[in-house]
Trainee: 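Sending over a structure as structure tokens; questions will come in a sec.
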There are 2 protein chains.
Amino acid sequence: MSCETETAVVLRHAGQKITPQRMLILSTLRHAGEHVTAPIVLEAVRRLYPYVDASTVYRTLGSAAELGLVSETDMGAGDTQFEWIGRDRHHHLICRSCGGVSSLDNSYLDSLATALYDEQGFQADLGHFAIFGVCQNCRV
Amino acid sequence: MSCETETAVVLRHAGQKITPQRMLILSTLRHAGEHVTAPIVLEAVRRLYPYVDASTVYRTLGSAAELGLVSETDMGAGDTQFEWIGRDRHHHLICRSCGGVSSLDNSYLDSLATALYDEQGFQADLGHFAIFGVCQNCRV
DNA sequence: CATGTAAGTGCAACTAATCGCATTTACAAC
DNA sequence: GTTGTAAATGCGATTAGTTGCACTTACATG
Ligand SMILES: [Zn+2]
Ligand SMILES: [Zn+2]
Ligand SMILES: [Zn+2]
Ligand SMILES: [Zn+2]
């Protein structure tokens with residue numbers, strides 16, 4: 001199954017319509033590297049299909065984030081960063097001193113998810129956190 | 001020590017200047033309830049001191065967030081929410097189904113902070129997370 | 001208290017993001 | 001295939017947030 005078909009299955013299963021704009025926006029994000037901004041997605045999409053509106057991009061990315069296909073994270077720069085997620089979750093450690101960004105496996109948050117479920121009855125969706133702090137090199 | 005004096009001490013200790021704008025902005029946030037937006041802070045500040053610029057509010061809130069005095073969080077509404085934090089940390093559980101927001105004690109994140117420090121050498125600043133998911137009532 | 005200077009502010013221009021509404025379109029049902 | 005309808009899109013207007021730069025001000029130093 002191609003990745004477009006796979007995405008379409010997820011969308012249809014969530015009761016969303018399969019539109020050319022939506023497929024193009026999500027495909028663009030899927031094949032981009034990590035962490036792109038909405039304006040960059042818009043620009044790429046418009047190269048193939050010029051009359052897509054910015055609001056469509058924001059709405060599509062927002063609803064895909066609710067489905068867990070995509071993450072939507074403030075990484076400390078001015079803009080919100082979007083990233084294709086699919087099934088593999090990860091997070092980031094961001095150093096306030098040197099600005100370095102490293103990835104963190106989702107397993108670090110497993111025990112938190114378990115505690116929230118057991119003690120609060122809350123089924124958490126620990127999508128894609130940006131954890132700020134000071135990295136090993138920058139500590140004195 | 002009044003809360004203004006206390007804030008001033010923190011600012012000075014961080015090498016920041018004590019300006020009337022900064023004190024007014026932070027005092028406004030401190031005495032607001034939970035979670036206010038930047039435009040609301042701006043409006044309140046301007047009632048007392050009309051010529052404060054929006055960019056000053058954003059810059060002040062942003063730098064106070066880096067000092068840990070203030071949190072800056074996307075709670076799922078359109079706008080970023082700011083909140084006075086000081087020393088007591090907390091987080092929020094937000095239900096994607098009913099929209100309910102509840103508070104979460106910082107102790108839930110203690111073990112994560114410890115693991116990040118011990119295993120990655122990363123001194124995390126687990127300020128004020130918005131954790132999305134489905135609350136107990138909304139689960140089937 | 002006068003002076004130097006680095007940080008902070010306001011302004012203006014700009015980009016990012018949201019929202020209401022009229023029109024279009026995917027797709028389910030017949 | 002035709003039709004009905006709810007969802008999605010585009011557009012325009014508006015709000016939210018950022019940035020560069022000239023000017024101002026807090027405050028350290030003598
Ligand atoms: Zn990522
Ligand atoms: Zn670092
Ligand atoms: Zn809070
Ligand atoms: Zn709920």
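In what follows, every chain begins at residue 1, and chains take the letters A, B, ... in the order their sequences are listed. A quick note: this is a predicted structure, and the numbers were derived from the prediction, not measured.
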Trainee: Tell me which of A:G78 and B:T60 sits closer to the 5' end of DNA chain C, going by the nucleotide each one is nearest to.
Mentor: B:T60

Trainee: In whole Å, what is the span from the OH atom of B:Y58 to the P atom of C:dT15?
Mentor: 17 Å

Trainee: Of B:D53 and B:D79, whose closest DNA chain D nucleotide lies nearer the 5' terminus?
Mentor: B:D79

Trainee: Scan B:T37 against the nucleic acid and name what it touches under 4.0 Å (heavy atoms): base, sugar-phosphate only, or nothing.
Mentor: nothing

Trainee: Could you check B:A38 against B:R12 and say which one's nearest nucleotide on DNA chain D is further toward the 5' end?
Mentor: B:A38

Trainee: Roughly, in whole Å, what's the span from CD in A:E72 to P in C:dA17?
Mentor: 9 Å

Trainee: Kindly give the heavy-atom pair with the smallest separation between B:I18 and B:A8, and that separation in Å.
Mentor: CD1-O, 3.6 Å

Trainee: With a 4.0 Å cut-off, would you call B:D125 and B:R89 a salt bridge?
Mentor: yes

Trainee: Inspect the surroundings of NE2 in A:H31 and state if more than 12 heavy atoms from other residues, nucleotides or ligands are less than 6.0 Å away.
Mentor: yes

Trainee: Testing B:H35, B:Q81, B:E34 one by one against B:H92 for a side chain to side chain donor-acceptor pair (under 3.5 Å), which residue passes?
Mentor: B:H35

Trainee: Determine whether a donor-acceptor pair (one donor, one acceptor, N or O, separation below 3.5 Å) exists between the side chain of B:R59 and the base of D:dG17.
Mentor: no

Trainee: Write down the distance between CG (A:L42) and C1' (C:dT18), rounded to a whole number of angstrom.
Mentor: 15 Å

Trainee: To the nearest Å, how far apart are A:Y49 OH and D:dG10 P?
Mentor: 7 Å

Trainee: Whole Å only: how far is the CD atom of B:Q21 from the P atom of C:dC11?
Mentor: 11 Å

